[in-house]
Amino acid sequence: METPLLLQAPGIYKRSYNHRGTIIMKLLIVEDNEQLVEDMERFLEESGYVVECAINYEDASEKLWLYSYDLVIVDLGLPDGNGLELIREMKNNEVAAGIMILTARDAVEDKVKGLDLGADDYMTKPFHKEELNARIRSILRRHKFDRSNTLEVEELKVDLLSSQVYVNEIQLDLTRKEYDLILYFMHNPDRVLTKESIAEHLWGDHIDQADNFDFLYNHIKNLRKKITDAGGTNHIQAKYGMGYKFSTQNSR
Amino acid sequence: MKKRHEFKLLSKTTFIYLIFTLVAFLGSGLFLTHEANEFINWELEHKYRRIEYKTRSVIDREGRRTADLEKLPRNIQIMPISQAPPEDAYPTYSDTTIYISRLEETWRARNKTVAIEAGGQFYRLTMTELVEDYLSLRDDIFRTMLPAFILLVVGIVAFNFLMSGYFFRPFNKILDIMRSYKVGQRTNLEKVKTNTLEFNKMQDLFHSMINRIEQDYRHLREYTENMAHEMQTPLAVIRNKTDNLIADESMMKEHGKTVKTIYEETNHLSRLGNTLNLITKIENGEFDNITQIETRPIIEQHVDAIRELAGLKSLTIDTDLTEEHRLEIDPYLLDIVLKNLLRNSVMYGTDNGPIRVTTSEKTLEVSNYGPPMEDRPDKLFQRFYRNNNHQGSLGLGLSLVKKICEVSKLQITYQYEEGQHIFRILRNGEMPA
């Protein structure tokens, strides 16, 4: 007799693969604001994840019991409970997923508590989705869910272990910030990244938003030059004075 | 306005009490003197009448023979007059003095002159009585009252001086508590025990007032916190929706400027909310993990983080840090202070010279070159003050730093010297070395 599916479900995890043969990551968003959930879901699906949503604690708790995820994004202020409790529950049940805390509460104690409980990262609302994407990638890589250690977009290849970037196998000599920048672009290809989003990614709150983004412009100029000098295409385009886009053949 | 003189309550009551006492003393003095005068008059009259009677009876009995005058009472002058004087001419009184050679003193005396008829002849009789004893006794009333009053004044003033400290101790204690009270302090106020009705009334009123203020303050604070917190989610939604618009090429071609504005303003609002929330939290003393921090490694960390940014503006950062410099502050707050000061100096610094971060045993100094401020320097720390060139800035950075310094018992000063803007952080009450 076959075992009922439900009994098998907890803990059982089947890897899905996309058409390119890479592993598809499964994410769970636990967030009560429907607008936000909708946007995040769309965005993360566009980024190539399988996304499920839970709009309250109970829902999330049930889904976590039934299915497995690679990463869970938890809002701390849920209508029927505290996100920190959910994290505790996950850790008690030895859920292996990475945990990203997402909250409007810009409170250090929550941050510390969350990280103490075993969360991997912490973001404060409002956040840049591209930043979220970049951080999700880094958590997944840390948890070794993402087995590939390279990131390739057309002629560009990033070796994530040695932090080296290659254009057609020619190694680029990039500064730390330029490396962060190209990685941020390659994690979010074909999207307009606003200057604010990029600046925040590179410098956190050390930069004042008011300072015109000359800083950023210089970095991007240098990066472009290094890529094209090595025979690469100029992927990075300025968009409407708002930001930059790393375009691939899909969008050209 | 002319300054009105102020007096202590106790001095006031004492003063009025003493005036009243003085009036009472004077009143009773006058009364007693009056009584004494009456008595003296009555007594004298009594004596005069006896002398008059005696004189008359001697003359009646003896006739007008000079030898018998020996029998007349002493201290009289008698003079026959020819006819009966008019009714209202006598008696008359006059005061005089008599020198008493035995005592070598001049005594007061009083004369009474009457007309008598004795032995068929009219006489003018002048009787002299010493009144010194009486009068000096009478005068003693005032003479003793004055020292008594002065003694009373001195005694009461001294008593008040000594006792006011004792009586007003609870009052002063209550005042101290009132003075040290700060809105939003969560500790319960100490209740001063006293059995003085007025003080208790005042204290009760003070406590109920404080409770009301605390309640209002709590409401206000909750409101601000909720505002700042609850608006973040809607703002996140707005920003994400704007992001979606930005991804839409055709949309951006047409409405790029509008979308850009919405995006920027949303960011501004969001940062504003976060920063105001942070200031509120600092004011509430929520960062109380005060530890003694050796600042050097932390400053180095911050400088390293921002050096690259400074480099992009062709600014260099020089540090001269000592191990000796320590601050007692919540580490999170120290981070904010350093971040804001450095960010400020990178933002406003010009390349006439390096940004300098210096610590000595007592001071932390951050300076950058730049043209002098157009406004008064004290505006620098005000909320929402910002230099005209930086419209997008929140204008909260330095006020945040100032607030943190206040709650951490540090003082921050600003100076413009030799083309440099200098911020100095010192422990309260210390002078720069």
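First the proteins, then the strands, lettered A, B, ... as listed; each starts at 1.
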Options [options], ranked by heavy-atom pairs under 4.5 Å with chain B, top entry:
options: Asn33(A), Leu202(A), Val192(A), Thr194(A); value: Thr194(A)
options: Lys129(A), Met40(A), Arg191(A); value: Lys129(A)
options: Gln35(A), Lys239(A), Glu31(A); value: Gln35(A)

TODO: Take Glu196(A) and Glu264(B) through the side-chain contact (heavy atoms from CB on, under 4.5 Å) test and state the conclusion after the steps.
DONE: CA-CA 9 Å; Glu196(A) 285 88 348; Glu264(B) 281 168 3; 3.7 Å; yes
[X] atom [atom1], over 12 foreign heavy atoms within 6.0 Å:
X: Glu58(A); atom1: CD; result: no
X: Glu34(A); atom1: CD; result: no
X: Asp173(A); atom1: CG; result: no

Open item on the list: If you compare all heavy atoms of Phe127(A) against all heavy atoms of Asn240(B), which two are closest, and at what distance to 0.1 Å?
Closed with: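 The pair with the smallest heavy-atom distance is O-OD1, 4.1 Å.
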For residues [X] and [Y], determine if any side-chain heavy atom of one lies less than 4.5 Å from a side-chain heavy atom of the other.
X: Lys241(B); Y: Glu38(A); result: yes
X: Lys177(A); Y: Glu308(B); result: yes
X: Asp39(A); Y: Arg239(B); result: no

Open item on the list: If I measure from the heavy atoms of chain B, does Arg176(A) come under 4.5 Å with its side chain, its backbone, both, or neither?
Closed with: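 Contact with chain B: none, neither part.
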Task: Salt-bridge contact Lys245(A)-Glu249(B) (side-chain N to carboxylate O under 4.0 Å) - done: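 Glu249(B) and Lys245(A): salt-bridged.
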- [ ] Answer with side chain, backbone, both or neither: which region of Lys257(B) has an atom nearer than 4.5 Å to a non-hydrogen atom of chain A?
- [x]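 Neither part; nothing is under 4.5 Å.
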Open item on the list: Using 0.5 Å steps for rounding, measure from the CG atom of Leu245(B) to the CE atom of Met242(A).
Closed with: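 CE of Met242(A) is found 9.5 Å from CG of Leu245(B).
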Open item on the list: Can you tell me which of Leu235(B), Asn244(B), Asp243(B), Thr266(B) forms the most heavy-atom pairs within a distance under 4.5 Å of chain A?
Closed with: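 Looking at each of Leu235(B), Asn244(B), Asp243(B), Thr266(B) in turn, Asn244(B) comes out on top.
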